[in-house]
Amino acid sequence: DAGVIQSPRHEVTEMGQEVTLRCKPISGHDYLFWYRQTMMRGLELLIYFNNNVPIDDSGMPEDRFSAKMPNASFSTLKIQPSEPRDSAVYFCASIQRSNQPQHFGDGTRLSIL
Amino acid sequence: SQQGEEDPQALSIQEGENATMNCSYKTSINNLQWYRQNSGRGLVHLILIRSNEREKHSGRLRVTLDTSKKSSSLLITASRAADTASYFCATAGTSGTYKYIFGTGTRLKVLA
């Protein structure tokens, strides 16, 4: 299995630009999670999906953030407009069902100048 | 918040020594998981212990769970330089099992 695949691995863009992060979960995994990791706040859960449906988005910091999962093999996290404080590493993870270990991608390191 | 806290924040030991990391959390849990993160990489699952279990082993790893104290410990025996990484605990609550709350992490450095 290829594991969870995220793209791009690195993104550098200027403040105000739209940023789109992509994730392909492991095939057969019904749950997909988006996290943000910073030195100050650690690893924060932003949103998670079950069978492509957003279940809990209470961790999404602002309306500038949105996430979609159009099908079982693809999800996006979009920031529009981006701000310097959005700079972080964004991780996607998936699990097959509850009480199972999460499988993480290698993350997207986002820098907003 | 339910966020766990690892202790110590950083640990430096010699190869061959044992490393112990602790995790405390605040609310009732369904299970607790430990993850490792190498620099520039995603988190990798190490071990899961359920709330009705007290101890679990996997290779050189030993995890204990004390639900009365809301704490867990991860012991790595006979450490190797390759064990250098950050280690995180994650808890899943009794409700909303899919919302995993990660701790602040322990940075372990194993010196060759």
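Note that these values count all heavy atoms, side chains included, but never hydrogens, waters or copies made by symmetry. Here is the naming used below: chain letters follow the sequence lines, and residue numbers restart at 1 for every chain.
Only the side chain of A:Arg9 comes within less than 4.5 Å of a heavy atom of chain B; its backbone N, CA, C and O stay farther away. Heavy atoms closer than 4.5 Å to chain B are found in the side chain of A:Ile95, but not in its backbone. When heavy atoms are compared at a cutoff of 4.5 Å, A:Thr108 does not approach chain B at all.
Residues B:Gln37 and A:Gln37 bring a donor and an acceptor atom of their side chains to less than 3.5 Å of each other.
Rounding to the nearest 0.5 Å places OG1 of B:Thr104 at 11.0 Å from CE of A:Met39.
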| message | Pair A:Tyr48, B:Tyr100 - check side-chain contact (heavy atoms from CB on, under 4.5 Å), show working. | response | CA-CA 10 Å; A:Tyr48 78 91; B:Tyr100 294 87; over 6 Å; no
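The heavy-atom pair separating B:Leu43 from A:Phe104 by the smallest distance is O-CB, 3.4 Å. Smallest separation of non-hydrogen atoms from B:Gln33 and A:Pro101: OE1-CA, 3.6 Å.
Chain B forms more heavy-atom pairs under 4.5 Å with one residue of A:Asp56, A:Ile55, A:Asn50 than with any other, namely A:Asp56.
More than 12 heavy-atom neighbours from other residues, nucleotides or ligands sit within 6.0 angstrom of CD on B:Glu55. Atom CZ of B:Arg80 has 12 or fewer heavy atoms from other residues, nucleotides or ligands within 6.0 Å.
A side-chain donor-acceptor contact under 3.5 Å links B:Tyr35 to the backbone of A:Gln102.
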